[in-house]
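Throughout, a chain's letter reflects where its sequence line sits, starting with A, and its residues are numbered from 1. Note that the structure is predicted; figures quoted are calculated from it, not measured. No hydrogens, no waters, no symmetry mates; every other heavy atom, side chains included, goes into these values.
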Protein chains: 2
Amino acid sequence: MLATFTALAEPNRLRIVELLRQGPRPVNEIKDALRLQQPQVSKHLRVLKEAGLVDVQPRAQQRLYELRAEPLQALHQWLEGYRQLWDDRFNEMDELLAELNEKEKNNVRKKRH
Amino acid sequence: MLATFTALAEPNRLRIVELLRQGPRPVNEIKDALRLQQPQVSKHLRVLKEAGLVDVQPRAQQRLYELRAEPLQALHQWLEGYRQLWDDRFNEMDELLAELNEKEKNNVRKKRH
DNA sequence: TCTGTATATGCATTGACAGGAATATTCGAC
DNA sequence: GTCGAATATTCCTGTCAATGCATATACAGA
């Protein structure tokens with residue numbers, strides 16, 4: 001998870017990932033599409049690869065880089081654990097709990113006096 | 001998006017977010033739970049706040065920090081755009097496209113000869 | 001108003017990392 | 001095996017950000 005965030009926390013790497021969403025690309029195409037220098041592209045791709053975000057397949061002297069599903073899927077799943085923050089179903093549950101808490105407070109007050 | 005990744009690309013900040021998943025917490029509680037020094041907690045919370053990931057509500061001299069839904073939901077949604085990478089429904093579509101491509105290639109060959 | 005508690009900020013140090021330029025490697029074509 | 005195209009690596013430099021420590025601010029209570 002951390003590794004994924006770290007890899008994506010760099011503007012050009014994020015752009016590369018967004019580009020690769022449309023399919024595998026050789027280094028040169030990435031370089032042209034994003035107006036980067038070739039060495040920087042290679043370096044960013046290295047980082048992305050080490051983070052497991054991309055895979056390479058050699059095609060003659062070219063290297064086709066493609067997105068890997070796993071880390072992104074894992075991230076997606078991780079966020080599911082936070083769904084309660086915005087999901088209505090859970091907001092209803094919140095209200096339910098709030099109600100229960102209200103009653104509880106009242107009970108406590110009654111006991112105190 | 002980038003801002004969210006940047007904010008979460010730091011181990012202790014990620015831990016803070018994961019802790020806050022269980023509900024709002026004052027600074028001191030975070031500090032104790034994660035064994036950090038109070039100033040660093042405040043600083044990390046500042047970054048998280050500037051990234052829109054948390055909100056604060058003063059409670060006397062305490063500050064309750066709580067997660068905000070929006071950036072995480074946005075991230076979740078962003079990942080939906082990559083779902084095709086792992087979603088079976090889309091894999092089937094891939095196969096379909098691959099089939100079409102095969103046929104196309106054959107057509108091209110026929111035209112050439 | 002003084003005190004203690006909770007939190008924030010300032011400053012100095014340090015390490016990580018991105019960019020640029022030059023160079024190295026790989027591999028197919030001839 | 002030489003050449004050129006595609007890609008990777010190295011070295012250098014500057015910048016940014018995390019940490020530790022010290023200190024400042026905010027606020028409640030006596």
Side-chain angles (χ1 to χ4, degrees), chain A residues 1-68 71 112, chain B residues 1-20 22-68 71 75 112:
Chain A
M1 201 71 353
L2 220 198
T4 305
F5 285 129
T6 307
L8 296 177
E10 207 282 331
N12 289 322
R13 275 197 300 267
L14 187 54
R15 291 171 69 207
I16 292 179
V17 167
E18 282 173 331
L19 176 65
L20 290 184
R21 187 157 89 83
Q22 291 153 194
R25 296 275 186 284
V27 179
N28 255 321
E29 209 168 316
I30 301 175
K31 150 186 168 288
D32 291 338
L34 306 186
R35 307 282 196 99
L36 294 174
Q37 306 204 251
Q38 178 269 317
Q40 332 298 340
V41 175
S42 282
K43 286 182 215 171
H44 284 310
L45 285 169
R46 165 124 95 134
V47 175
L48 290 173
K49 178 144 173 278
E50 278 165 358
L53 277 161
V54 300
D55 239 351
V56 210
Q57 336 174 204
R59 284 270 183 287
Q61 69 276 49
Q62 287 195 153
R63 312 277 156 120
L64 280 195
Y65 281 87
E66 68 179 353
L67 278 184
R68 284 191 57 227
R112 278 210 186 115
Chain B
M1 203 70 351
L2 220 199
T4 305
F5 284 129
T6 306
L8 297 178
E10 208 283 331
N12 289 321
R13 274 197 301 266
L14 187 54
R15 293 171 68 207
I16 292 179
V17 166
E18 282 173 331
L19 176 64
L20 290 184
Q22 291 153 195
R25 296 276 187 282
V27 178
N28 254 321
E29 210 169 316
I30 301 176
K31 149 186 169 286
D32 290 338
L34 306 187
R35 306 281 196 103
L36 295 173
Q37 305 203 251
Q38 177 269 317
Q40 333 297 341
V41 175
S42 282
K43 286 177 203 171
H44 284 311
L45 286 169
R46 165 125 96 133
V47 175
L48 290 173
K49 179 144 173 278
E50 278 164 358
L53 277 160
V54 300
D55 239 351
V56 211
Q57 337 174 204
R59 283 270 184 286
Q61 69 276 50
Q62 287 195 153
R63 311 278 155 120
L64 280 195
Y65 281 86
E66 67 179 353
L67 277 184
R68 284 193 57 230
L75 187 49
R112 278 211 188 116

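- For the OP1/OP2 pair of D:dA18 and a distance below 4.0 Å, the side-chain nitrogens and oxygens of B:Asn12 include no atom meeting the criterion.
- Of the candidates C:dA8, D:dA28, D:dT7, D:dA28 carries the atom nearest the B:Gln61 side chain, counting heavy atoms from C-beta on.
- Regarding contacts with the backbone of D:dA8, every side-chain N or O of A:Arg46 stays at 4.0 angstrom or more from both OP1 and OP2.
- Contact between the side-chain N/O atoms of B:Tyr65 and the OP1/OP2 oxygens of C:dA8 is found at a separation under 4.0 Å.
- A:Arg25 places its CZ atom 17 Å from the C1' atom of D:dA6, with the value rounded to the nearest Å.
- Nearest-nucleotide positions on DNA chain C place B:Gln40 closer to the 5' end than the other of A:Leu36 and B:Gln40.
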Steps toward side-chain contact (heavy atoms from CB on, under 4.5 Å) verdict (B:Leu8, B:Leu53): CA-CA 9 Å; B:Leu8 297 178; B:Leu53 277 160; 4.0 Å; yes
Could you check A:Gln57 against A:Arg63 for side-chain contact (heavy atoms from CB on, under 4.5 Å), going step by step and ending with a plain yes or no? CA-CA 6 Å; A:Gln57 336 174 204; A:Arg63 312 277 156 120; over 6 Å; no
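- In this structure, A:Leu45 places its CG atom 11 Å from C1' of D:dA8, rounding to the nearest Å.
- Comparing C:dT7, D:dC21, C:dA22 by their closest approach to the side chain of A:Pro39 singles out C:dA22.
- One can place CD of B:Glu10 at 13 Å from C1' of C:dG15, the figure rounded to the nearest angstrom.
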Does B:Leu34 form a side-chain contact (heavy atoms from CB on, under 4.5 Å) with B:Val41? I'd like the steps, not just the answer. CA-CA 9 Å; B:Leu34 306 187; B:Val41 175; over 6 Å; no
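- Using a 4.0 Å cut-off, some side-chain N or O of A:His44 falls inside it from OP1 or OP2 of C:dG19.
- Rounded to an integer number of Å, the gap from CG of A:Leu64 to P of D:dA6 is 13 Å.
- Residue B:Gln62 is the one, among B:Lys43 and B:Gln62, whose nearest nucleotide of DNA chain C lies closer to the 5' end (criterion: closest heavy atom).
- Rounding to the nearest 0.5 Å places CE of A:Met1 at 8.5 Å from CD of B:Glu18.
- Atom pair B:Gln38:CD and C:dA8:C1' shows a separation of 7 Å (rounding to whole Å applied).
- An OP1 or OP2 oxygen of C:dG20 is reached within less than 4.0 angstrom by a side-chain nitrogen or oxygen of A:Gln37.
- For the OP1/OP2 pair of C:dG28 and a distance below 4.0 Å, the side-chain nitrogens and oxygens of A:Arg59 include no atom meeting the criterion.
- For A:Arg15 and C:dA18, the CZ to C1' distance is 14 Å, given to the nearest whole Å.
- For the OP1/OP2 pair of D:dA6 and a distance below 4.0 Å, the side-chain nitrogens and oxygens of A:Arg63 include no atom meeting the criterion.
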For B:Phe5 and B:Leu75, run side-chain contact (heavy atoms from CB on, under 4.5 Å): C-alpha distance rounded to whole Å, both residues' side-chain angles, the deciding distance at 0.1 Å, then the answer. CA-CA 9 Å; B:Phe5 284 129; B:Leu75 187 49; 3.5 Å; yes
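- A:Asn28 has its CG atom 13 Å from the C1' atom of D:dG4, to the nearest Å.
- Residue A:Arg13 contributes atom CZ, which lies 12 Å from atom C1' of C:dA16 at whole-angstrom precision.
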